[in-house]
Visitor: 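Please read through the structure below; I'll follow up with questions.
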Amino acid sequence: MDILQRMKDHFIFFDGGMGSLLQEKGLKAGELPETWNLSHPQVLVEIHKSYLRAGANILTTNTFGANRLKYPREGSWDLGKLVEQGVKNAIQAREEFLREKGYSQDFTDSDADTDSYVALDLGPTGKLLKPLGDLDFEDAVELYKEVIRTGTEAGADLILIETMSDTMEIKAAVLAAKESCGLPVFATMAFDGKGKLLTGGSVESATALLEGLRVDALGLNCGLGPVQMRPIAEKLLAVASVPVIVNPNAGLPRSQDGKTVYDINADQFAEEMERIADMGVSMLGGCCGTTPEHIQKTVRRCRDKAVRPVVKKGRTVISSYSRAVVMGREPVIIGERINPTGKSKFKQALRDHNLEYILREGVTQEEHGAHVLDVNVGLPEIHEPSMMEEVVRELQSVSDLPLQIDTSSPQAMERALRCYNGKALVNSVNGKEEVMDAVFPLVAKYGGVVVGLCLDEDGIPETVKGRIRIAKRIYERALSYGIGPEDILIDGLCMTISSDQTGALTTLETLRRVRDELHGKTILGVSNISFGLPGREIINAAFFTMALQEGLSAAIINPNNEAMMRAYYSFRALAGLDENCSDYIRIYGSGDVAGLGVTRGCSRAGAQQGPGQAGRDWTGAGGQSGGALGTGLGDGIIRGLKEAAMSAARELLKTRDALDIINQEMIPALDAVGKGFEKGTVFLPQLLMSAEAAKGGFEVIKEHMAGTGQTQVSKGKVILATVKGDIHDIGKNIVKVLLENYGYEVIDLGKDVPPERVAEAAVKDHVKVVGLSALMTTTVPSMEETIRQLRREAPWVKVMVGGAVLTQEYADTIGADQYCRDAMASVNYAEKVM
Amino acid sequence: MEVDRREILRYLGYGREKEEVPVAALIDSCVEELSAAVDPKHLSREYQLRILPDGTIDGSCFQVKSRSLSRNLKDCSQVILFGATLGIGADLLIQKYNKLQMSRAVVMQAAAAAMIEGYCDGVCSQMRQIYEGEGLYLRPRFSPGYGDFPLKCQSELLDALEAGKRMGIKLTDSYLMMPSKSVTAVIGVSKKPYRCEVKGCEACGRTDCIYRRDP
């Protein structure tokens, strides 16, 4: 029987540990287990058979660590053959077992009267993915594909991805399977005792991602024993809509006389597994330390139980790598600020590739209480797909909020969904066939909750009836792509009441009917309602409250706008969603709530996470003491008080010329700090705080100059890069901050940069100075290679180098022009040669 | 989590100087944010130690030639492999502020470095007490990269500890550990007490390092 069919109403038993059994047979410490597929095939066949006799239905191939990284092409083992033989050993075991069963008189064990399946086992790559690690996502996909192709050809029945602790790596493995074979895909993860993955994922966030990727079963393995795994399995059962797998270790391990022993025995193991089965888990087996005895005892306890059918939970949920956001009872706020429409500064940031500006927009919204960030980077003059991918990656490196991918370009959509770590909100489809046909396949492949706009080829229907009709069509078409109604958010759209008096009423009635009649979830860009009217936020806030009352699930708003956030918090208090009004009291209970400025401390995120709040407060604290110490711009810079420096700059601009302020106030202050640093009276943190204060001042001045049509003169371009192999870029970034302060335009190539990219960049802009950074002795050779290539391709370039392991001597050996022992030294060098 | 402020200041280059007021506030808030984000874990395993005729150190799960490690393991019969990490949370914070606020990134980095050292010291001092109860003495932690103990040994130590699976420590191609605030070390076990208590920073032969602790 087909495994997918069988698991609907049968228990499925996995096998148990492999490594410990191989060790018993003589596998040495440090020896690669997969090599035994070829060197000791009969041992593998016997182990598989012992699990079949114990009643296992799934044989896991001995290919956990088989990938190109561990078995390089130039190595002594052929990866393809190891994988192929791994699968064949399991198949042979199954054949021999069936023969045995048929011929043997005394073999009457009904434990085994089931079909069995060979699962191609895939473990973690062993490397951490970018951005924190050095393995590229697409390279990870390729690593898995290579193994999957071989395993599939050799006859595997399904793909088992296990012991995963990084959601991005799981995504790579699942996509590899989906893109290279048609076999069922199961995925299990190793959670710690607190129910977290080592990379921060939770049961809910990881489940959202995996179900979005359409795995056929998901669950837990390794790390814990059955006792510790049970509460995590319970959490998983509460949210999962596919069958759940539980494959624990034999217990908690400890070392005794040089051997690993577990805190429970096989009987206790089986007893615990029975409890887990009684909770509703129907796919059970073991991991490290478990033996055929563990499996047999588990099978005997569980096989005659009735299998509980899996219930679809119908949850509308999106996720980031660590956080899940559920659309339902609690209204969800989607921050709308990452969008160039109508924002000249944002447009300029996109044109200038100023990602820092975009990231700040994201983090600020998070601090003001956004639960999700909308990301729209569409601008005619930029390449949207690559910008979208970059912004999504970068945002995920500074914020753990789920993202809403907002684009009309299917290409940009796919790039974003592919690199996104989680299950995204997808904005959007509408009733147009062409749009649905372009977007739904992407959602079906990568997962996502998709926004469905109530408009079609004929425009936006004026009536509620017309909009509901389109909503129904969207639900219907989505279903034909395997996208359930829980993964749709209907946007009833709103037309401004300044042109249509009934605009708001139509929208509100649409919301109500989607909730009451279609039992769906809704989303709305709230602020359109007031277009063309004065005091827009007054109308917006009132309309927002009305929409929430009609069941609006998610609102796309500006969370930095206090009127909107007040509407949100008061609605929650009024609607009985804010227990004891505690959030409301926390936010508005003290301080001045008059006026409509953003209320201090209304940071939802900050208040909930405590430290996050404190994390931003230090500048404020400094600012207060700064007030007493003096408010001059130079003073603010020297003391590193950004707010003080910015307001002083604003003040000075009223009476003085911009360039005058820079030259007479800011540069002397920066020089004073720099000199102090060189003399050893000012230290690195203070130097950087001063640089950041100065940067704040420069921003104020730059804005003023742009307003008056003046432009700032750049002192020239400098390329900075952390060399290939090195993924620590803190030193390079320190240099960047200082160089920018001194008026240089920094082309920041990032970290782990191949030599040829540095050379290319130097040639492209004919850049005069290149700064290279390396932290490790192991990466100095790639610094040397970069210099060699620069000398060849761009002989005019002056190369300065720095980093923890470098010395003057080292710098001379590898042919650098200048060794910079610290960041100020690189500024001085740039000043000298440019 | 407890963290030694003097160590943070040392990593930031202050030596014996006192930090400026805004910097003091910055350190406090970094320590607070970091404490909530880290998830310290450690593993240790004991192995037999042999010195092969050609001087190779054979720690059962790793073999290496290193004069500085040999000195460190003099009179030892066993070695403890030790691994510890603050988890990926510290790196996520450092990464975040690296893009948004360098002063905070730098302080976060120093605070995390002080935190992992402090954590290792705490764990090791507990182990030391246990061993001393059995009449055995522990040598100071000695990590790949100290003296001539090659960084490449990192992978063997991590494999033996199953540190990838159990603590999430992975290596980059250039033998850098991720999470970056991770430590691996070899600790000698001997029946003879160790006279000169040298550990961590001071155990390294590089005396010209700007971060070196004052004697």
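Per chain, numbering begins at 1; letters A, B, ... match sequence-line order.
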Visitor: Go through A:Leu775, A:Asp729, A:Val737, A:Leu687 and name the one with the most non-hydrogen pairs under 4.5 angstrom from chain B.
Guide: A:Asp729
Visitor: How close do A:Pro685 and B:Ser103 get, heavy atom to heavy atom, and via which atoms?
Guide: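 Shortest heavy-atom contact: O-CB, 4.0 Å.
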Visitor: So which bits of residues 153-165 of chain B come within less than 4.5 Å of chain A, counting non-hydrogen atoms only?
Guide: B:Gly164, B:Lys165
Visitor: Identify which part of A:Tyr357 has an atom lying under 4.5 Å from any heavy atom of chain B, answering side chain, backbone, both or neither.
Guide: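 For A:Tyr357, there is no contact with chain B at all, as no heavy atom is under 4.5 Å.
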Visitor: What part of A:Lys194 gets within 4.5 angstrom of chain B, counting heavy atoms only: side chain, backbone, both, or neither?
Guide: side chain
Visitor: Got a sec: does the CZ of B:Arg5 have more than 12 other heavy atoms crowding it under 6.0 Å?
Guide: yes
Visitor: Identify which of A:Lys28, A:Lys196, A:Glu356, A:Gln686 forms the greatest number of heavy-atom pairs closer than 4.5 Å to chain B.
Guide: A:Gln686
Visitor: How long is the span from the OG1 atom in B:Thr172 to the NZ atom in A:Lys130, to the nearest 0.5 Å?
Guide: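 Those atoms lie 12.0 Å apart.
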Visitor: Between chain A and each of B:Lys99, B:Lys152, B:Met178, count heavy-atom pairs under 4.5 Å; write down the option with the most.
Guide: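 Among the listed options, the one with the most contacts to chain A is B:Lys99.
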Visitor: To the nearest 0.5 angstrom, please state how far the CD atom of B:Glu20 sits from the CD1 atom of A:Ile638.
Guide: 12.0 Å
Visitor: Picking from B:Leu100, B:Ile94, B:Val23, which has the most non-hydrogen pairs under 4.5 angstrom with chain A?
Guide: B:Leu100
Visitor: What part of A:Thr163 lies closer than 4.5 angstrom to a heavy atom of chain B: side chain, backbone, both or neither?
Guide: side chain
Visitor: For B:Lys41, give me all partners under side-chain contact (heavy atoms from CB on, under 4.5 Å), at least two apart in sequence or on another chain.
Guide: A:Asp192, A:Leu198, B:Asp39, B:Thr85, B:Met167
Visitor: Between B:Ile88 and A:Leu128, does the side-chain contact (heavy atoms from CB on, under 4.5 Å) criterion hold? Intermediate values first, please.
Guide: CA-CA 11 Å; B:Ile88 208 76; A:Leu128 192 61; 3.8 Å; yes
Visitor: Of the backbone (N, CA, C, O) and the side chain (C-beta and beyond), which part of A:Pro781 lies under 4.5 Å from a heavy atom of chain B, both, or neither?
Guide: neither
Visitor: What closest approach, in Å, do B:Leu12 and A:Phe683 show between heavy atoms, and which atom pair accounts for it?
Guide: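 Reported closest heavy-atom pair: O-CB, 4.5 Å.
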Visitor: If you count heavy-atom pairs under 4.5 Å with chain B, which of A:His728, A:Lys724, A:Lys695 comes out on top?
Guide: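 The candidate making the most pairs under 4.5 Å is A:His728.
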Visitor: For residues B:Leu176 and A:Asp134, determine if any side-chain heavy atom of one lies less than 4.5 Å from a side-chain heavy atom of the other.
Guide: no
Visitor: Would you indicate whether the side-chain heavy atoms of A:Lys127 and B:Asp173 approach each other to under 4.5 Å?
Guide: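 Touching, per the 4.5 Å side-chain cut-off.
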Visitor: Under 3.5 Å, side chain of B:Gln109 to main-chain N/O of A:Ile730, donor-acceptor pair present?
Guide: no
Visitor: Looking at A:Thr779, is its backbone amide N or carbonyl O close enough to the side chain of B:Ser174 to form a donor-acceptor pair, meaning the two atoms are under 3.5 Å apart?
Guide: no
Visitor: From B:Met102 CE over to A:Leu684 CG, what is the distance, rounded to the nearest 0.5 angstrom?
Guide: 8.0 Å
Visitor: Please test B:Gln95 against A:Val398 for side-chain contact (heavy atoms from CB on, under 4.5 Å), starting from the C-alpha separation and ending with a verdict.
Guide: CA-CA 7 Å; B:Gln95 171 179 260; A:Val398 299; 5.9 Å; no
Visitor: Between OG1 of A:Thr125 and NZ of B:Lys170, what distance do you get to the nearest 0.5 Å?
Guide: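 Going from the OG1 atom of A:Thr125 to the NZ atom of B:Lys170 covers 6.0 Å.
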Visitor: Which atoms of B:Val106 come close to chain A, meaning under 4.5 Å heavy atom to heavy atom: side chain ones, backbone ones, both, or neither?
Guide: both
